[in-house]
Amino acid sequence: MLRWGGNLRYPWVDAPASAGYNLPVMSVSEKSDKYNPQEIEKKWQDKWAADKLYEVKEDSPRPKFYALTMFPYTSGDLHIGHWYAMAPSDVYARFMRMQGYNVLHPVGFDAFGLPAENAAISRGIHPYTWTMNNVENMRRQLRSIGAIYDWTREVVTCLPEYYKWTQWFFLKLYEADLAYRGEAPVNWCSKCQTVLANEQVVGEGVCERCNTAVIRRHLEQWFFRITKYADELMDHSHIDWPERIAIMQRNWIGKSTGAEISFGLDHPGVETKEIRVFTTRPDTIFGVTFFVLAPEHPLVPHLTTTERKAEVEKYIIQTQRQTEIERTSTDKEKTGVFLGSYVIDKLNGEKVPIFIADYVLLSYGTGAVMGVPAHDQRDFEFARKYGIPIKVVIAPEGWAGEDLTEAHTGSGTMANSGQFNGLSNEKGFESICDYMEAKGYGKRAVTYRLRDWLISRQRYWGAPIPMIYCDKCGIVPVPEKDLPVLLPPDAEFRPTGESPLKYCESFVNTTCPKCKSPAKRETDTMDTFMCSSWYFLRYTSPGKDDYPFDKKKLKYWMPVDLYTGGAEHAVMHLLYARFFIKAIRDCGIIDFDEPFLKLFNQGTVIYQGDKMSKSRGNVVTPDLYVSDLGADAVRTYIMFVGPWELGGEWNDNGIVGMSRWLNRVWNMVTAEYKEKAVDADTEKEARRMTHKTIRKATGDMERFRFNTMLAALMEFTNFLGPVQERGTVSKAAWQEAMTTLLLLLAPTAPHLTEELWTKTGNPYSIHNQPWPKWDEALAKEDEVMLVIQVNGKLRDKVTVPVSITEAEARELALNSERIKAYTAGHKIIKIVYVPAKLVNIVVS
RNA sequence: GCCGAAGUGGCGGAAUGGUAGACGCGGCAGUCUCAAAAACUGUUGAGGGGCAACUCUCGUGUCGGUUCGAGUCCGACCUUCGGCACCA
């Protein structure tokens, strides 16, 4: 007997043989009552919980599988969007469980963050109360899904037992010099009164949370050195992630390879004798005709001549006044001002005028740019506007010295470049770099768009950064034994938006751990993405209180085998978590490189033209559907509407169809089956359908194609309906079909199938049964429809045995009366044959 | 502007380069009923021909191409949605 399927490797799931007649026997009770989802769902949820059916241990002989879904933020209500994330992932986790894995599928709450604090300010509720009330409600709603969550492992990030370890990790990163305090221009949201990471500035430069325009401020803040890991984070070759997400991360990191080139400076009263620029095009160095500094560049005041001073200052003020939106608008005309001073191009000794222009950003590269108008479109526009010469040094093909109408950014032959003339620009790139490195004018260099991760937030509702400022000792970390640094419960929430911690004396005033003199605590709290960078480690070790996790248990479960969630986290959570794992690996805390081996992004649920979310005010709660049709119908519908990765507009048009179908399944299984007119063909067909359906459902499950899996199960029941009515198969074949149907449906509709499984005399629980296997020999068709085409157009169809030979098929096709009508009078040029599928007769 | 994904009936959607529209919703007709709902059965892409069993033509965003054969592959374009956006 042939055995197929991905579970071959795991003998302990060796199911009742797939050939089928020895599957558990069903005895159907005479009394077939109605399907009542409300009753059975409650009953089974309670029983599963009481029996600890879904609690997992690390001592299983089965291989582990860590199936993780991004934990929800404690907004207070679970909506259809949450179900769309959680129900299918539960189905997959259940499928893997039936496939013989020891499956960890935990749940928890991302519980720190601004909305809790806003509720405190606007409604006088303490953030803790607001959050924990929401947690309570969401727990209830999560339970109604009927998922296999192991609630003993629940994580709530705002509880001291959790954030103690968030703070501990901060200290470890600080010890490893991966956390530092530095001054930097930061994104400031005046409404939230806090800084934002670059990733949290969205759209046209507005705050991710409140849509307020973000402004720039210079502040001392805490940073993580994520840029140190830029290269490693660019590499997705060891993880199975959607290419789309990998590309988004790589674009965000934005690696540029080029050179750092030194320009000479000889300006009265300025000590600095060089300014460095970063360029990706060192091959165009001979085309430099101007030089640009960012308006905020510290050298600008010193390089401005007296007669240019007024104009330069005016321009700087003008730049500051612009919002990020205006300044970064691509189609804005390039503007700038000449400082009156010059740098020296070291390669040819020429004087190059220095400008400032707002299109040069202090935060990228060195904050200075060499202007090569002939080969950079921005520089080209700038040069045109200010009458700066445009010097071609990379000749485009066929160029005969005429003026360019736009910058030539492609490749070409080096010209006007002294000793490098005649080289291809690619060769010129290398030669010029070699030359500059030899002369000390510059060197090859790499720059990233990625900035260090700014984690300070001027808010109350977050994990306090465990640092102390002492007048004598400077910055002193809180000793590990003093963790957690607790949030003071009595802070005052003012509508000014300022952090309550700043004004909470009992919190701020402390003693220096080193010298014991009076000192002050850091009042900033950590970005919540810090909390979500390690929660999946905590799930492995519930309640551990002397270390963030149990090392053995961590080693058993990590890394996460499958992580599912929305693609909106591509450059925030997913990048931070990867960085965090690499950082603590380098601190010696763990020994793997990536947190999530496989990533799957489900689509977004849209409602009223927008992503469904509480903050957008367009949520649809599943509670009403659940109380009306049952959680099983909602689960089934969510998975049936389309491929999981696509998402789409929410409507409940078809949900009643799922309810109908589940009812049909109920009636079919509970009704007594009577053999009436058993016929060999139908018997064979029934068994074929059973095994074909197992094959289809298994393949679809593996690919997350839940919609087509359910369609296949529906086709199966559509086939079985008349069979049951007419009693045309043996009781054994019928029971095989029923057993298979329930097992295949078990992950999708866990309550209904459990009820029917036990009701028909099978041992509790269906969720401990192995996934059925198919027998390829039984699944195989023995007759197929042979399609006959003439010139690629369908002209006839005949039923033939699968074993038909090419010669037989050709003969059959040519002798068909229908076909003759199309071939008569034409010359047959060739005949294409696809085995047991199609004959195409090509005629003149 | 750049990167990515997607365009198929009234709707959600299905289809290893080989019968387009599986499955479900909705619609229509019927069974049951005093009637309705529920349930069940049949039917349902558009257009044409035939009393009929049937049959022909067109049809997967647009225009080309490759192929015996294209929803599927290639090129150009249009639309929608996500992401990035003066990154030197």
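Chain identifiers are assigned alphabetically (A, B, ...) following the order of the sequence lines, protein sequences preceding nucleic acid strands; residue numbering begins at 1 within each chain. Hydrogens, waters and symmetry mates are skipped; everything else that's a heavy atom, side chains included, is used.
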- Task: Assign A:N718 to base, sugar-phosphate, or nothing according to its heavy-atom contacts below 4.0 angstrom with the strands shown.
- Result: sugar-phosphate
- Message: Applying the Watson-Crick and G-U wobble criteria at under 3.5 Å, what pairs with B:G21? Answer none if nothing qualifies.
- Response: none
- Note on the structure: As its Watson-Crick or G-U partner within any shown strand, both distances under 3.5 Å, B:A29 has B:U41
- Item | Pairing nucleotide - B:G7, Watson-Crick or G-U, each distance under 3.5 Å | B:C78
- Query: With both distances under 3.5 angstrom, what nucleotide forms a Watson-Crick or G-U wobble pair with B:A70?
  - Reply: none
- Message: Among residues 274-285 of chain A, which ones have heavy-atom contacts with RNA chain B below 4.0 Å?
- Response: A:F278, A:T279, A:T280
- Could you tell me whether A:R250 contacts a base, only the sugar-phosphate backbone, or nothing, with contacts defined as non-hydrogen atoms closer than 4.0 Å? nothing
- Looking at B:A14, B:C58, B:G18, which one has an atom nearest to any side-chain atom of A:R705? B:A14
- Is B:A35 paired to anything, Watson-Crick or G-U wobble with both distances less than 3.5 Å, and if yes, which nucleotide? none
- Which of residues 634-652 of chain A sit near RNA chain B, with a heavy atom under 4.0 Å from it? A:F640, A:V641, A:P643
- Query: Is there a side-chain polar atom (N or O) of A:N707 under 4.0 Å from OP1 or OP2 of B:A14?
  - Reply: yes
- In terms of the angle between their ring planes, are A:W644 and A:F704 parallel, tilted or perpendicular, with boundaries placed at 30° and 60°? tilted
- Item | Under-4.0 Å side-chain N/O to phosphate OP1/OP2 contact, A:R660 with B:C40 | no
- Task: Kindly say whether A:Q608 contributes a backbone atom to a donor-acceptor pair with the side chain of A:E649 at under 3.5 angstrom?
- Result: yes
- Sorted by number, the residues of residues 835-844 of chain A with heavy-atom contact under 4.0 Å to RNA chain B: A:K837, A:L838, A:N840, A:V842
- Please determine, for B:G1, whether a Watson-Crick or G-U wobble partner exists with both distances under 3.5 Å, and give it or none. B:C84
- Item | Same-atom distance (P) from B:G1 to B:G9, integer angstrom | 28 Å
- Could you check which of B:A5, B:G18, B:C86 has an atom nearest any side-chain atom of A:D358? B:C86
- Task: Heavy atoms only: give me the nearest A:A294-A:V360 pair and the separation to one decimal.
- Result: CB-O, 3.4 Å
- Task: Examine B:A85: is either OP1 or OP2 under 4.0 Å from a nitrogen or oxygen in the side chain of A:R449? Give yes or no.
- Result: yes
- Query: Residues in salt bridge (charged side-chain N to carboxylate O under 4.0 Å, His left out) with A:E817, at least two apart?
  - Reply: A:K820
Going by atom type alone, with no hydrogens or angles, which donor-acceptor pairs under 3.5 Å involve a side-chain atom of residues 567-575 of chain A and a protein atom two or more places apart or on another chain?
{"residue": "A:E568", "atom": "OE2", "partner": "A:K611", "partner atom": "NZ", "Å": "3.1"}
{"residue": "A:H573", "atom": "NE2", "partner": "A:Y563", "partner atom": "OH", "Å": "2.7"}

- Message: Side-chain N or O of A:R818 versus OP1/OP2 of B:U55: is the shortest distance under 4.0 Å?
- Response: yes
- Message: Determine whether a donor-acceptor pair (one donor, one acceptor, N or O, separation below 3.5 Å) exists between the side chain of A:E243 and the base of B:G4.
- Response: no
- Please, which pairs that meet side chain to side chain donor-acceptor pair (under 3.5 Å) have at least one residue in residues 823-843 of chain A, sequence neighbours excluded? none
